Engineer: 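Encoded as structure tokens, here's the structure I'll be asking about.
It should be emphasised that the depicted structure is a prediction, and the values quoted were computed from it without experimental measurement.
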Amino acid sequence: MTKTFVHYFLHLVFPVFIALIFYKKNWKKAYLIMLATMLVDADHLLATPIFDENRASIGFHPLHSYYAIVIYFLGAIFLKGNYRIIAIGLLFHMFTDFQDYYFWRLF
């Protein structure tokens with residue numbers, strides 16, 4: 001239950017804090033853009049089963065691949081405006097999925 005709470009907190013609530021810290025004037029817009037990056041999970045529809053608790057999303061799904069993460073990272077560094085917000089949202093999404101699988105394995 002704690003794992004589920006942390007997962008959804010990081011996906012849905014924590015981006016508010018990112019938006020408030022880095023995009024004070026347009027935090028609502030930044031937050032909504034970061035929420036929209038959740039659409040990256042559409043690549044889960046290509047897998048069978050769609051969700052497997054014992055499978056790491058990172059490195060398995062196409063938009064969660066290490067190549068994609070490098071592109072998101074470069075976008076967060078070099079892009080500007082809304083594109084940078086998208087890249088940051090995607091990176092944070094990858095972090096959330098990473099911790100969801102690897103961190104909780106320790107407990």
Engineer: State yes or no: do L45 and L90 share one hydrophobic cluster built from I, L, V, M, F, W and Y residues joined by side-chain heavy-atom distances below 4.5 Å, directly or via other members?
Structural biologist: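 No; tracing contacts between hydrophobic side chains, which count when under 4.5 Å, never links both residues.
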
Engineer: Tell me if the OH atom of Y102 is crowded by more than 12 foreign heavy atoms within 6.0 Å.
Structural biologist: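 Enclosed.
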
Engineer: Out of curiosity, K3 NZ to Y101 OH, how far, rounded to the nearest 0.5 Å?
Structural biologist: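 The distance works out to 9.0 Å.
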
Engineer: Taking all heavy atoms of D97 and all of H64, pick out the closest pair and write down the distance.
Structural biologist: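 So the two residues come closest at OD2-NE2, 3.0 Å.
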
Engineer: For D41 and H61, does a side-chain donor sit closer than 3.5 Å to a side-chain acceptor?
Structural biologist: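 Absent: no donor and acceptor within the cut-off.
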
Engineer: Pair F92, M94 - check side chain to side chain contact (heavy atoms under 4.5 Å, CB included), show working.
Structural biologist: CA-CA 5 Å; F92 193 73; M94 297 305 129; over 6 Å; no

Engineer: Are F51 and V6 joined in one hydrophobic group, where the rule is that I, L, V, M, F, W and Y side chains link up if heavy atoms are under 4.5 Å apart?
Structural biologist: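 Cluster IDs for F51 and V6 differ.
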
Engineer: Roughly how far, to the nearest 0.5 Å, is CE of M38 from NE2 of H11?
Structural biologist: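 That separation rounds to 5.0 Å.
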
Engineer: Using the benzene-type ring in the case of Trp, are the ring centres of F98 and F95 under 6.0 Å apart?
Structural biologist: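 No; F95 has its ring centre 6.0 Å or more from that of F98.
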
Engineer: Just wondering, are more than 12 heavy atoms of other shown residues or ligands nearer than 6.0 Å to OH in Y8?
Structural biologist: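 12 or below, so no.
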
Engineer: List the atom pairs, donor and acceptor, that lie under 3.5 Å between side-chain atoms in residues 23-37 and the rest of the protein, sequence neighbours left out.
Structural biologist:
unit_1, atom_1, unit_2, atom_2, d
K29, NZ, N82, OD1, 3.3
Y31, OH, L12, O, 2.6
T37, OG1, M34, O, 2.5

Engineer: If two hydrophobic side chains count as joined below 4.5 Å and joins carry through other members, does F9 share a cluster with L91?
Structural biologist: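 Looking at the clustering, L91 is in the same group as F9.
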
Engineer: Scan the side chains in residues 14-22 for donor-acceptor partners under 3.5 Å anywhere in the protein, sequence neighbours excluded, and list what turns up.
Structural biologist:
none

Engineer: Taking all non-hydrogen atoms of both residues into account, name the closest pair between R55 and A47 and its distance.
Structural biologist: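 In this case the closest contact between R55 and A47 is NH2-CB, 3.7 Å.
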
Engineer: Side-chain polar contacts of residues 66-78 - donor-acceptor pairs under 3.5 angstrom, sequence neighbours left out - could you list them?
Structural biologist:
unit_1, atom_1, unit_2, atom_2, d
Y72, OH, L63, O, 2.8

Engineer: Any chance you could measure H44, atom NE2, to D52, atom CG, to the nearest 0.5 Å?
Structural biologist: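 The NE2 atom of H44 sits 11.5 Å away from the CG atom of D52.
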
Engineer: Could you tell me which non-hydrogen atom of S65 sits nearest to which non-hydrogen atom of P62, and how far apart they are?
Structural biologist: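 Reported closest heavy-atom pair: OG-O, 3.0 Å.
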
